[in-house]
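Just so you know, these numbers use all the heavy atoms, side chains as well, and skip hydrogens, waters and symmetry mates.
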Amino acid sequence: MSETVYEAVPEVESDEPPHVGTLVMKFGGTSVADPEKIRRVATRLVAAKRAGGRVVAVVSAMGQHTDELVALAHEVSPRPKPRELDMLISVGERVSCALVAMAISDLGQDAISLTGSQAGIVTDTVHGKAKIVEVRAARIHDALDEDRIVLVAGFQGVSTQYDITTLGRGGSDTTAVALAAALGADACEIYTDVDGVFTADPRIVPDARKLHAVSYEEMLEMAASGARVLALRSVEFARNHGVKLHVRSTFTEESGTWITEEDERMLEKAMISGVTHTLEEAVYRVEGVDRAELFSALADAPVSVDTIIQTDGPILFSAPLEDRDETAAVLDRLGATWNERDGLGKVSVIGAGMKSHPGIAARTFATLRDLGLEPQLVATSPIKIAFYVPHDDVERAVKGLHEAFELSSAEAERAHE
Ligand code: ADP
Ligand code: ASP
Ligand code: MG
């Protein structure tokens with residue numbers, strides 16, 4: 001038996017009644033990668049505004065700017081202090097946000113850019129992966145009332161101790177959803193470099209198919225198991241606050257993927273909605289500690305434990321590679337006997353229809369056997385089967401399963417109203 005551990009999501013009270021026609025539009029790094037693209041985003045925002053909406057835009061840092069800033073920090077210091085790292089990397093989003101506001105003004109529309117702090121995003125004090133505890137949206141409401149487009153720097157907030165914090169990689173998605181919840185927005189649109197959520201990462205499976213609709217539960221499993229297109233926490237937030245998400249392309253006008261409550265058609269049409277993978281997890285094998293004590297110490301660290309596999313013998317769990325130092329420190333402190341396997345990737349087969357269609361596990365393992373692959377650890381939930389294989393075998397497993405479940409065929413297509 002296994003479980004995927006999700007973080008609790010705080011209550012975010014909207015401080016005013018919802019306004020009709022509020023739209024939150026979030027643009028990822030590739031969408032604002034150069035001046036030309038920034039001007040295109042500005043044009044899109046102005047069009048949304050002129051169509052009558054109250055428009056709030058959340059932008060990510062330009063292109064690889066966040067990675068560059070992280071690398072720069074490590075060139076200067078082998079172990080940058082988390083507080084200072086947050087001061088540094090929050091800058092990327094401020095740059096893009098100010099530039100988009102300038103481009104909007106050039107189009108004759110009033111706009112204002114705000115840092116996360118100015119926008120009222122209040123977080124806890126955990127640098128590098130802070131959680132939003134409150135959204136004080138008064139300033140955004142005022143600016144919207146003044147007929148402006150409001151640009152908010154994604155991925156950041158201000159802690160209850162008045163320090164600048166960041167929300168973890170991909171965190172601009174979370175900023176956008178939190179604002180959509182707090183503002184009572186009609187929808188939160190996530191503009192990115194692919195057309196929506198696909199049956200597998202389109203960069204690995206070129207004939208992967210775009211899904212029209214995905215339930216919150218499926219999207220949670222997909223995000224938790226490597227479908228980078230939405231940050232996990234943003235999906236948790238959306239589910240808990242009923243925010244409708246629309247993942248779509250920055251570069252076309254086409255409709256993308258809606259993430260909403262599960263409906264009948266989702267269950268009937270397709271058993272499997274996708275095959276996801278991640279290479280960014282380490283698996284730990286631990287002995288000699290109390291299970292409850294271990295997971296409580298990891299939670300305090302804080303380490304985002306992903307999959308826990310329960311066996312009669314050792315405790316097995318996975319955690320992100322970026323939490324490796326904290327994990328090792330906790331295990332040593334508890335005096336555990338442990339080792340880590342970091343050459344493994346995780347592949348997950350996900351679908352709400354699994355609940356009502358037996359035989360998915362059989363087909364998954366038969367496919368792996370035919371590919372000559374031996375899964376090393378297996379974890380399941382009612383809508384997921386996940387297993388670990390060596391890094392080099394991940395791509396073959398994803399492609400093989402995508403084909404075995406006929407995910408490219410139009411048969412598996414879902415309708416969305
Ligand atoms: P952004 O900068 O817009 O936030 P990200 O790079 O964070 O974009 O996320 C988009 C990327 O997610 C895509 O380019 C794609 O390679 C990857 N991806 C992984 N799995 C999936 C999937 N199942 N569907 C769509 N995209 C996926
Ligand atoms: N710029 C941040 C990152 O690269 C946040 C984001 O893009 O959502 O992770
Ligand atoms: Mg992203």
Side-chain angles (χ1 to χ4, degrees), residues 2-7 9 170 173-174 177 187-190 192 194-202 204-205 208-248 255-278 306-307 346-361 363-364 378-387 397-398 401-402 404-417:
S2 81
E3 58 184 293
T4 298
V5 182
Y6 300 120
E7 295 166 359
V9 173
D173 296 337
T174 312
V177 177
C188 180
E189 297 193 310
I190 307 284
T192 184
V194 284
D195 292 345
V197 180
F198 282 70
T199 48
D201 186 340
I204 290 208
V205 183
R209 197 172 31 80
K210 185 178 83 183
L211 296 160
H212 292 289
V214 179
S215 70
Y216 290 123
E217 274 63 35
E218 286 174 299
M219 197 62 230
L220 273 176
E221 292 282 16
M222 289 179 84
S225 57
R228 180 161 61 92
V229 62
L230 280 175
L232 173 59
R233 216 167 152 66
S234 72
V235 187
E236 292 175 319
F237 231 108
R239 181 188 59 174
N240 286 17
H241 297 279
V243 175
K244 285 200 204 88
L245 287 174
H246 185 191
V247 179
R248 57 192 304 193
S255 162
T257 303
W258 284 90
I259 324 288
T260 57
E261 293 293 347
E262 183 173 292
D263 77 22
E264 290 292 306
R265 285 160 310 146
M266 292 184 184
L267 293 179
E268 278 166 18
K269 290 245 176 172
M271 289 185 294
I272 301 301
S273 46
V275 182
T276 55
H277 71 281
T278 176
D306 179 62
T307 306
K346 185 172 73 175
V347 177
S348 310
V349 175
I350 292 161
M354 250 184 225
K355 284 185 275 194
S356 47
H357 294 81
I360 304 294
R363 194 163 351 154
T364 301
V378 178
T380 61
S381 84
I383 63 166
K384 177 187 77 175
I385 297 170
F387 57 86
V398 173
L401 288 164
H402 195 269
F405 286 106
E406 295 170 5
L407 293 179
S408 318
S409 77
E411 287 284 292
E413 187 104 0
R414 291 169 181 182
H416 178 81
E417 285 171 358

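- Remark: the backbone N or O of Gly226 is not paired with any side-chain donor or acceptor of Thr276 at under 3.5 angstrom.
- The distance from the SG atom of Cys188 to the CG atom of Asp173 is 8.0 Å, given to the nearest 0.5 Å.
- The minimum heavy-atom distance between Leu230 and Ala223, with the atom names listed, is O-CB, 3.5 Å.
- Qualifying ring-ring contact (aromatic ring centres under 6.0 Å, His included) partners for His246, counting only residues two or more places apart in sequence or in other chains: Trp258.
- In this structure, Thr199 contributes its side chain and Arg209 its backbone to a donor-acceptor pair below 3.5 Å.
- Minimum heavy-atom separation, Thr364 to Ile385: OG1-CD1, 4.1 Å.
- Atoms CG and CD1, from Leu245 and Ile190 in turn, are 5.5 Å apart once rounded to the nearest 0.5 Å.
- Every residue was checked against the side-chain hydrogen bond (donor to acceptor under 3.5 Å, both in side chains) condition with Thr192, not counting sequence neighbours, and none meets it.
- With sequence neighbours excluded, the residues satisfying side chain to side chain contact (heavy atoms under 4.5 Å, CB included) with Ala404 are Thr367.
- Taking each heavy atom of Val197 and Ile259 in turn, the nearest pair found is CG2-CD1, 4.2 Å.
- Legend: residues meeting side-chain hydrogen bond (donor to acceptor under 3.5 Å, both in side chains) with Ser234, ordered by chain and number and at least two apart, are absent.
- For the atom pair CD1 (Ile350) and CD1 (Ile272), the distance works out to 9.0 Å, reported to the nearest 0.5 Å.
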Item to check | side-chain contact (heavy atoms from CB on, under 4.5 Å) assessment of Met222 paired with Val229 | outcome: CA-CA 9 Å; Met222 289 179 84; Val229 62; over 6 Å; no
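- Between the side chain of Thr278 and the main chain of Lys346, no donor-acceptor pair closer than 3.5 Å is present.
- Here the NE2 atom belonging to His402 is positioned 4.5 Å from the CG atom belonging to Leu407, to the nearest 0.5 angstrom.
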Next on the checklist: Go through it in stages, so that I can follow the logic: the residues are Phe237 and Val243, the test is side-chain contact (heavy atoms from CB on, under 4.5 Å), and I'd like the CA-CA distance, side-chain angles, deciding distance and then a yes or no.
Outcome noted: CA-CA 8 Å; Phe237 231 108; Val243 175; over 6 Å; no
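- Of all non-hydrogen atoms in Ile360 and Met271, the two that sit nearest each other are CD1-SD, 3.7 Å.
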Item to check | Glu236 vs Arg233, salt bridge (charged side-chain N to carboxylate O under 4.0 Å, His left out): CA-CA, chis, key distance, verdict | outcome: CA-CA 5 Å; Glu236 292 175 319; Arg233 216 167 152 66; 3.3 Å; yes
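- Every residue two or more places apart in sequence or in another chain was checked for a side-chain hydrogen bond (donor to acceptor under 3.5 Å, both in side chains) with Ser348, and none qualifies.
- Nearest heavy atoms, Thr257 versus Leu211: OG1-O, 2.6 Å.
- Note that the CE atom of Met354 and the NZ atom of Lys384 stand 9.5 Å from one another [nearest 0.5 Å].
- Going from atom NZ of Lys210 over to atom NE2 of His212 covers 6.0 Å, rounded to the nearest 0.5 Å.
- In terms of heavy-atom proximity, Ala379 sits nearest to Thr307 at CB-CG2, 3.4 Å.
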